[in-house]
Each structure stands twice: as structure tokens, then as C-alpha cells.
Amino acid sequence: MPFADAAVLLAPLAPWFDSLRRPMPWRAADLDAPHPDPYAVLVSEIMLQQTQVATVIPYFRRWMERFPGPAALAAATEDEIHGLWAGLGYYRRARNLQAAAAAIAADGFPRTLEGLLALPGLGPYTAAAVAAQAFQLPTPALDGNAFRVAARVLALEEDPRRHAGALREWLAPALAAHGPSRLTQAVMELGATVCVPAPRCASCPLQGACAARARGIQHRIPPAQPRTKVTEAEIHLAAIASGGAWLLRPPGAKGLLAGLWSWPWTGAAADTQGAAEPASAYGIEAREPAGWTQVYSHRREAVRPIVARVEPGAAPPGLEWVPEARLASLPMGRRDQRLREAVDAPGEPLTVAGLEALQAILQGVKASSPAAPAPGRS
DNA sequence: AACACGTGGCA
DNA sequence: TTGCCAAGTGT
């Protein structure tokens, strides 16, 4: 493809980045040397997958304090790593990062693109980003920012992801010319702060070189991506206490919120209304705090929380009674953290639907099927 | 090749 | 409020 010389086109990015880069705890002071701590680069890059810098910073600091190197991370428990990742999302990243740390502790840090690509959780982008920032290898790292910047500078009107190979070939000489770590970060920084979806061209160091801007088409490059469908669900999420313990579901191995503890829950029936009979007739004291909508990447959940106290009994299959003192230390996603913080909050009296949900959970009705409605009353 | 996979910021 | 998107990867 007859692209203009990237080393020339992107030259203004180097001084721009040297003077305007944002401070980040994983950034090396010397942009021209190999990074003093490749593990820190790796941790930051995994955390930054689909996650903004400002969100990552406090998680990165806590993680590095607790797991300063690959050996410490490799020795941690699943609950520990998920606890430090809790709230950051995409929890598989934490497990992959630990597996990568174990491989690094055993075999040393890979210093080639191929070696990095073989680590779990590192795809084409992350392997290249680590190679460039940790080891100064001229490997083009194409993330959403880099694709957007490249597509605009070159006025590429198609989806730039379809031209990843050509764009990598185009970018590589510029990395070698201006420093792999510097230019890698500069392109992404530009995409994150200036060449954003609604671009701020007036403050762009590449405004004179940008083909999209010259043609006035920067706002529609790159074309919007089709989104995958989001399913809707409504659930009852129950904090059930008995004696000094809470009824919880231990972490699953796969699926949504894998690796995290959760409160038991059950699909809400849409057709049950009206006042409940006194729940005390069933040995239950309960209330329903205000609900909320929980949004995931591909699912929207209307959450109807219940807080209840019941008579002692065996835990239903798949659930565990967990001593109250341990509750605060269990890794939970945002939804379950939110109910954990609300277990002492006031609520409305239990509804019929809420009572049925409690009974379904306590009777061991399979609670993990999103579509499963609560059973009818007997 | 689609789809699963979390959460938060921003217009 | 709703929708888009973020330093993507695994299956």
C-alpha cells in the first residue's frame, strides 16, 4: 500500500510526547533504555486491556505492593488475586496474569515477540506493547487508539482492523527511528487524549500531516463497529443470614464473574404482585432494599435485592454458609459488593415475588440460569 | 467468525 | 438517559 513514510509523518509525536505525556506509575523515566521492571510493564498492559488509565492506576499500585514480582504473584491464592482485581472487570485477566507470572518465575521473562505471545492473556497487541516498552523492540502495538490514529493520518475509510498487517509494516520503521517505547506510547497517548473519537484537531501535533483532516472526514474515521446484542434479565439477589453466617455461592471456574464469590440469586418472576403473607410464617425475616440496574459487557440485569434472616439449616447444593467475619475479605464483583454494602440498609417489606425467590434459593432450585423464572407458589 | 467477557467515563 | 467506547483475548 502506498502509505506515506511513517517515520516522517509521525516525527512530531516524539517531542510532543516527551513534553506532554501524562505521569503513570508504570512509566519508565528513561524512554530510550530498556524498562527497569518488565513485570511492571506486563501488569500495566494486562490491566489496561479495555480499561482506561485513570481506572487502572489505583489497582496497579495495590497489585504491585502486594505482588512486587512474578514469584510473589505465582504463589498467591485465587481469592487473593481476585480480591485485588475485584471491581476492575474481565477477571480472566487476573488468572491469566498469574499463570504468566508462574511461567516467568520458572523460565525467565521472554524477550521476543513470539515468547511473549506464548504467555496466557497476551495477544498481538499486548505482546507487542510489552516488547516495545520493556525491551525496545520495534514491534508495532495496535490497540484501539493506534488503529484510530493510523486510520485518520492515512485517511483510511475502511475498518482499520482489516489492515492490521499493512499498518504494522507501515509503523515499524517509525518505531525504530523515534524509539520503540517512546513512539508506541506516543501514538496511544495521542489517541487517548487528542485523537479521540470526537477529535480535538486544534491541539494535535499531527494536524498538518493528517490526511483525514485535510479532507474534513476525521469525524467518521474509523467507522463505528457493530455491537453485539445485550440481553436483559431481572433477578432477585439475596443476602441470607443465619446464626453468624451468610449464605454465599463460591467462585465458579468459567462464565460471567468466574473466580468471584456471589450472593445466591434467582430469576425474578414477572407476574407476581401484591402484598406478601407474613414471611415469619416461614421462619423468615426479610426486607427488600431499593433495586438497581447492573450492566455487564453483554447483559443488563435489573437487580432486586433481598436481605433476610432464616432459621439454621443445611446449605443448599452449590451454596455455603460463610462466617460473617470472612465476608468482607471475599472477592466480589460490583453487583455483589453493592449488596454487601447494603446488608444493613433499610428496605421495604418482603413482596410475594421476594418470598418466592427466597424459597427457591433455600430449596436449592438451580439459581444460576438467567432465564429461569421463579417457580409458582404451592 | 462471532461471541463472551466488567466496569466506568463521557456526550 | 442511552449508547459508545476504552492500552483486547480466548474460544
Side-chain angles (χ1 to χ4, degrees), chain A residues 17 21-22 24-27 40-60 82 85-97 99-100 116-134 139-150 159 161-162 164 181 183-193 195-200 219-220 222-232 252-260 262 292-301 303 331-338 370:
Chain A
F17 182 69
R21 62 187 165 162
R22 297 171 292 173
M24 299 178 195
W26 50 85
R27 295 244 246 229
V41 176
L42 173 61
V43 171
S44 72
E45 285 300 337
I46 299 294
M47 287 188 170
L48 285 164
Q49 289 170 0
Q50 296 287 282
T51 310
Q52 297 184 153
V53 167
T55 303
V56 164
I57 287 175
Y59 284 86
F60 175 84
H82 289 106
W85 208 276
L88 196 53
Y90 288 144
Y91 299 97
R92 181 173 58 186
R93 293 183 293 173
R95 300 186 290 279
N96 282 154
L97 181 54
L116 289 163
L117 216 35
L119 294 174
L122 281 75
Y125 161 74
T126 305
V130 171
Q133 296 175 77
T139 51
L142 296 176
D143 70 332
N145 295 129
F147 276 119
R148 186 170 54 249
V149 169
D159 180 357
R161 287 160 211 278
R162 289 177 39 187
S181 182
L183 199 70
T184 295
Q185 297 181 72
V187 170
M188 291 191 288
E189 187 96 336
L190 187 78
T193 61
C195 196
V196 291
R200 303 160 49 187
H219 291 273
R220 52 183 175 84
Q225 295 302 111
R227 325 259 336 149
T228 58
K229 202 145 198 156
V230 174
T231 65
E232 305 279 348
K254 57 197 318 187
L256 189 65
L257 303 180
L260 303 181
S262 80
W292 69 89
T293 300
Q294 188 71 34
V295 180
Y296 302 101
S297 50
H298 61 294
R299 173 181 168 88
R300 285 170 50 89
E301 242 176 34
V303 179
M332 290 179 154
R334 285 292 189 223
R335 178 194 70 190
D336 298 85
Q337 288 178 19
R338 188 161 172 172

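Naming convention: chains lettered A, B, ... in sequence-line order (proteins, then strands); numbering from 1 in each chain.
Nucleic acid contact for A:Gly255: sugar-phosphate only, since backbone atoms but no base atoms lie under 4.0 Å from a heavy atom of the residue. A:Val56 comes within contact range of no nucleotide atom at all, as no heavy-atom separation falls under 4.0 Å. Backbone-only contact: A:Thr126 has heavy atoms under 4.0 Å from sugar-phosphate atoms and none from a base. Within the nucleic acid shown, A:Leu88 comes within 4.0 Å of at least one base atom, counting heavy atoms only. Within 4.0 Å of A:Arg148, counting heavy atoms only, lie sugar-phosphate atoms of the nucleic acid but no base atom. Within the 4.0 angstrom heavy-atom criterion, base atoms lie near A:Arg27.
Of all nucleotides listed (B:dA4, B:dT7, C:dA7), B:dT7 comes nearest to the side chain of A:Tyr91. Picking from C:dT9, B:dT7, C:dA7 the nucleotide with the shortest atom distance to the side chain of A:Ala192 gives C:dA7. Between C:dT9, B:dC5, C:dA6, one nucleotide has an atom nearer to the side chain of A:Gln52 than all others, and that is C:dA6. Comparing C:dG10, C:dG8, B:dC3 by their nearest atom to the side chain of A:Thr228 picks out B:dC3. Closest contact between the side chain of A:Val53 and the listed nucleotides C:dA7, B:dC5, B:dG8 involves C:dA7. Closest to the A:Arg92 side chain, of the nucleotides C:dG10, B:dG6, C:dC5, is C:dG10.
The distance between atom CZ of A:Arg95 and atom P of B:dC5, rounded to the nearest whole Å, is 11 Å. Between A:Arg338 atom CZ and B:dG8 atom P the separation is 10 Å, expressed in whole Å. Taking atom NZ on A:Lys229 and atom C1' on B:dC5, their separation rounds to 19 Å, with Å as the unit. In this entry the distance linking CZ of A:Arg227 with P of C:dT2 reads 16 Å, nearest Å. Between the NE2 atom of A:His82 and the C1' atom of B:dG6 there is a distance of 13 Å, given to the nearest Å. If you take CZ of A:Arg299 and C1' of B:dT7, they are 15 Å apart, rounded to a whole angstrom. Straight-line distance from the CG atom of A:Leu142 to the C1' atom of C:dT9: 15 Å, rounded to whole Å. The OH atom of A:Tyr296 sits 14 Å away from the C1' atom of B:dG8 (whole-angstrom rounding).
Between C:dC5 and B:dC5, the two C1' atoms lie 15 Å apart (nearest whole Å). Rounded to a whole angstrom, the distance from the P atom of C:dT11 to that of B:dG6 is 14 Å. For the P atom pair drawn from C:dA7 and B:dC10, the interatomic distance equals 12 Å after rounding to whole Å. Between the P atoms of C:dC4 and B:dC3, the separation comes to 16 Å (whole Å).
A donor-acceptor contact closer than 3.5 angstrom is absent between the side chains of A:Arg93 and A:Gln49.
When all heavy atoms are compared, the tightest approach of A:Gly121 to A:Ile46 is O-CD1, 3.6 Å.
At a cut-off of 3.5 angstrom, counting only N and O atoms as typed in the model, there is no donor on one side facing an acceptor on the other between the side-chain of A:Arg93 and the base of C:dT9. At a cut-off of 3.5 angstrom, the base of B:dG9 holds no donor-acceptor pair with the side chain of A:Thr55.
Residue A:Gln294 places at least one side-chain N or O under 4.0 Å from the OP1 or OP2 atom of B:dT7. Residue A:Gln50 places at least one side-chain N or O under 4.0 Å from the OP1 or OP2 atom of C:dG8. Between A:His298 and B:dC3, a side-chain N or O to OP1/OP2 separation shorter than 4.0 Å is absent.
Position along DNA chain C of the nearest nucleotide to A:Leu119 versus A:Leu48 favours A:Leu48 as the more 5'-ward residue. Taking for each of A:Gly121 and A:Arg22 the nucleotide of DNA chain C with the nearest heavy atom, the 5'-most of the two is the partner of A:Arg22.
Here the CG atom belonging to A:Leu190 is positioned 9.0 Å from the CG atom belonging to A:Asn145, to the nearest 0.5 angstrom. Within the model, atoms CZ of A:Arg334 and CH2 of A:Trp292 stand 12.5 Å from one another, a figure rounded to the nearest 0.5 Å. A:Gln133 CD to A:Arg27 CZ: the interatomic distance, rounded to the nearest 0.5 Å, is 8.0 Å.
Heavy atoms of other residues, nucleotides or ligands lying less than 6.0 angstrom from CZ of A:Arg300 number 12 at most.
The aromatic rings of A:Phe60 and A:Trp26 lie perpendicular to each other, with more than 60° between the two planes, well past the 30° mark.
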